[in-house]
Student: 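Let me give you the structure first, and then I'll get to my questions.
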Amino acid sequence: MPLARSLSVTSLSGLEDWDEEFDLEDAVLFEIAWEVANKVGGIYTVIQTKARLTAEEWGENYFLVGPYVESNVRTQVELIEPTNPVLKRTIDKMNASGCKVYFGRWLIEGSPYVVLIDVAFSAWSLDTWKSELWELCDIGVPWFDREANDAVLFGFLTAWLLGEYAAQSEEPPHIVAHFHEWLAGLGLILCRHRQLPVATIFTTHATLLGRYLCAGNVDFYNKLADFNVDKEAGDRQIYHRYCLERSAAHCAHVFTTVSQITAVEAEYLLMRKPDIITPNGLNVKKFSAVHEFQNLHAQSKHRIQEFVRGHFYGHLDFNLDKCLFLFIAGRYEFSNKGADIFLEALARLNYLLRVNHSDVTVIAFFIMPARTNNFNVETLKGQAVRKQLWDTAQTVKERFGKKLYESLLVGQLPDVQKIIDKEDFTIMKRAIFATQRQCQPPVCTHNMLEDSSDPILNCVRRIGLFNSAVDRVKIIFHPEFLSSTSPLLPMDYEEFVRGCHLGVFPSYYEPWGYTPAECTVMGIPSISTNLSGFGCFMEEHIADPSAYGIYILDRRYRGVDESCNQLTSFLFQFCKQSRRQRIIQRNRTERLSELLDWKYLGRYYISARHMALAKAFPDTYMYEPTEPTSTSGFSYPRPASVPPSPSLSRHSSPHHSEVEDNDEEERYDEDVEAEKDRKNIRQPYALPLKNKTSPLGANGNGNGDDDEN
């Protein structure tokens with residue numbers, strides 16, 4: 001049956017509705033990745049958030065393919081019988097041949113169908129398939145590389161699934177198979193070798209060799225053309241993985257990557273220029289009340305403040321109302337993620353705040369999972385002391401309230417000396433004595449297994465930021481992912497991000513960067529770099545990113561010390577902002593969320609699928625190449641109203657005269673500025689594709705006519 005294009009794709013201002021149908025009657029889409037219903041890294045977020053949009057586009061003809069992991073299936077997947085008769089015959093045939101293949105619905109937005117393959121059940125075929133891989137491609141996989149062994153099993157099983165589906169189809173099908181990353185890439189290679197009727201797409205979210213090289217302290221981006229890629233991969237014992245990734249990139253009908261910076265990297269390391277850039281998006285949920293996200297920020301900030309009160313008990317000599325919460329989060333890659341430069345910048349920021357006698361205190365959170373054996377006792381004690389103080393205050397308040405009530409009932413003003421008696425003073429004094437502390441508040445919330453060699457802790461020891469009273473910058477290292485069930489900091493990641501003031505992600509290697517993107521969607525300013533896909537994307541589409549709370553650090557054309565100075569400058573200027581300036585900036589940041597919505601960015605995936613269909617089935621589909629193929633189509637100019645940067649604003653203090661405040665009110669109009677920003681989102685570029693056998697056009701808008709630019 002013809003599948004209607006989802007009108008939700010066109011909800012952005014300035015886009016025309018797709019009011020016609022696109023004939024996908026005999027087309028089916030398989031999206032294959034190791035992280036389908038199996039959270040390992042950022043690809044899980046890409047697939048999970050994009051699923052709703054793709055399911056709306058392809059309907060019953062969209063299937064995600066991933067590994068069967070029982071613990072994940074129990075909580076995320078509803079196993080059902082296949083609804084597609086061809087797929088049911090395919091799965092039954094594979095199960096009868098010694099495989100274990102499951103079918104169900106992934107319980108996420110869009111409820112897409114999933115085909116889950118138990119790779120461990122087919123491990124008996126591993127040696128046979130390794131031999132076949134060697135004979136076909138001259139790629140040998142060592143026995144000790146378990147991840148590569150899983151890739152071999154998964155690749156052969158997915159190729160078997162696609163081949164069997166084609167064989168079980170009564171009419172020649174038009175299959176689109178989208179493979180993510182090298183772990184799924186072998187399936188693509190086998191599809192092309194076996195000449196299956198499959199249009200293939202390969203997306204690399206980060207090159208294997210690039211990640212390894214950047215972790216090795218090399219001037220990666222300035223020496224891309226000089227690397228002997230085969231030697232570098234061999235030296236790092238990943239040559240077999242590199243061969244699988246490179247072969248998949250070359251065999252694919254369409255090769256895509258997530259950002260322009262990664263496209264350059266892929267061109268040199270994988271020896272193929274990507275056909276199209278497919279940026280990563282998010283599902284953006286707009287609140288009915290315009291400033292509801294500001295209220296959520298205040299609520300989450302209060303919960304973080306409660307944790308800080310407990311963590312710094314006995315040394316709470318700073319004003320929490322003038323305290324800024326900064327954070328960095330992600331995989332524990334000390335240099336790649338920029339934790340090294342962030343710590344150095346914090347040390348320099350601490351010096352600037354002290355010599356300028358600033359009353360602002362900065363608390364920097366490091367949320368990076370590392371090997372631990374338990375919570376730090378001192379950290380747990382802090383939260384217990386805080387709770388005890390709260391209970392004591394409530395007890396005294398109840399006693400005070402009861403006596404005040406009885407006094408007022410008899411028509412007498414209360415005698416303060418009688419209302420608070422000696423017993424109350426004793427209780428309060430005992431509580432105060434309980435807050436005395438001989439040691440400094442801990443830097444790390446957990447007991448580290450490798451404390452003496454931990455990069456973050458060693459850097460903290462070098463720069464001397466031990467949470468002392470004289471320091472204006474405090475550090476909290478939380479080496480575990482956040483969870484709402486934690487006895488220490490019971491908040492999930494989204495809630496924690498909303499409560500912070502600034503996300504700092506000075507990564508040296510970041511093909512896209514979901515962490516700053518998530519900050520933007522929640523209205524939280526962030527610092528990124530011009531070596532991250534997100535940073536380059538924002539630089540391309542915003543005339544003055546910093547005015548919108550997107551600070552872009554130059555790590556490509558500056559040395560480490562210069563970049564560190566620039567980061568310190570960003571942080572210091574942010575600390576000098578007034579509360580009102582931060583509110584204005586958060587409003588602007590949140591408005592950028594539409595740039596990152598899958599409703600917009602999903603079109604580049606649509607274009608990639610159209611391109612693949614045209615290349616694989618030229619007799620049915622026609623593709624007309626048009627430039628540009630990068631993410632273009634909208635631009636945010638610099639805001640005309642009061643800039644949030646203190647260096648350009650007259651006010652850097654939250655306290656200024658009433659006359660001046662009224663003048664600033666006139667210069668900044670949230671509704672007018674928001675309306676101007678909405679108009680800056682223009683119709684995105686879509687690749688034209690025409691179905692030769694159908695009167696309906698097969699381009700991005702479902703018409704025979706090309707989209708307007």
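Worth knowing before you read on, the calculation uses all heavy atoms, side chains too, and leaves out hydrogens, waters and symmetry mates. Everything numeric in this text was worked out from a predicted model, so none of it was measured.
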Student: Verify the distance criterion only: is there a donor paired with an acceptor across the side chains of Ser111 and Trp106 at less than 3.5 Å?
Tutor: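 Short answer, no.
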Student: Is Glu510 reaching over with its side chain to a backbone N or O of Ser532, donor-acceptor style, under 3.5 angstrom?
Tutor: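 Such a contact is absent between Glu510 side chain and Ser532 backbone.
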Student: Does CZ in Arg461 sit with more than 12 non-hydrogen atoms of other residues, nucleotides or ligands closer than 6.0 Å?
Tutor: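 Yes.
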Student: Restricting to non-hydrogen atoms, name the atom on Leu595 and the atom on Phe537 that form the minimum distance, rounded to 0.1 Å.
Tutor: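 In this case the closest contact between Leu595 and Phe537 is O-CZ, 4.0 Å.
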Student: Ignoring hydrogens and geometry beyond distance, is a side-chain donor-acceptor pair present between Asp554 and Asn530 at under 3.5 Å?
Tutor: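 Their side chains do contain a donor-acceptor pair, which is all the 3.5 Å distance test asks for.
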Student: Taking all non-hydrogen atoms of both residues into account, name the closest pair between Asn376 and Pro442 and its distance.
Tutor: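 Here Asn376 and Pro442 meet closest at ND2-CB, 4.1 Å.
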Student: Which heavy atom of Asn467 sits nearest a heavy atom of Ile475, and at what distance?
Tutor: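 Between these two residues, the closest heavy atoms are OD1-N, 2.8 Å.
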Student: What's the separation between atom OG in Ser484 and atom CG in Leu489, rounded to the nearest 0.5 Å?
Tutor: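 Nearest 0.5 Å value for the OG-CG distance: 10.5 Å.
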Student: Any side-chain heavy-atom pair from Thr515 and Phe327 closer than 4.5 angstrom?
Tutor: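 Not touching, per the 4.5 Å side-chain cut-off.
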Student: Whether the Asp471 and Tyr351 side chains hold a donor-acceptor pair (N or O, under 3.5 Å, no angle test) is what I'd like checked.
Tutor: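 Judged by distance alone, the side chains do not pair up.
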Student: Tell me if the CG atom of Leu409 is crowded by more than 12 foreign heavy atoms within 6.0 Å.
Tutor: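 For Leu409, atom CG is crowded (more than 12 foreign heavy atoms under 6.0 Å).
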Student: With sequence neighbours left out, write down each residue that passes ring-ring contact (aromatic ring centres under 6.0 Å, His included) with Phe318, or none if nothing qualifies.
Tutor: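 Phe312.
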Student: Quick one: NZ on Lys39 to CD1 on Ile47, what's the gap to the nearest 0.5 Å?
Tutor: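 Going from the NZ atom of Lys39 to the CD1 atom of Ile47 covers 13.0 Å.
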Student: Partners of His205 by ring-ring contact (aromatic ring centres under 6.0 Å, His included), sequence neighbours excluded?
Tutor: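 Listed in chain order: His180.
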Student: Could you list the donor-acceptor pairs under 3.5 angstrom formed between side-chain atoms of residues 338-345 and any protein atom two or more places apart in sequence or on another chain?
Tutor:
residue : atom : partner : partner atom : Å
Glu344  : OE1  : Arg462  : NH1          : 3.4
Glu344  : OE1  : Arg462  : NH2          : 3.1
Glu344  : OE2  : Arg348  : NE           : 3.3

Student: Looking at Arg52, Lys50, Gln48, which hits side-chain hydrogen bond (donor to acceptor under 3.5 Å, both in side chains) with Glu109?
Tutor: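 Passing option: Arg52.
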Student: Can the ring centres of Tyr313 and Trp390 be said to be less than 6.0 Å apart?
Tutor: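 No, ring centres 6.0 Å or more apart.
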Student: Check for me whether the distance between the ring centres of His311 and Phe307 falls short of 6.0 Å.
Tutor: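 Ring centroids of His311 and Phe307 are less than 6.0 Å from each other.
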Student: Inspect the surroundings of CD in Glu480 and state if more than 12 heavy atoms from other residues, nucleotides or ligands are less than 6.0 Å away.
Tutor: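 Count over threshold, so yes.
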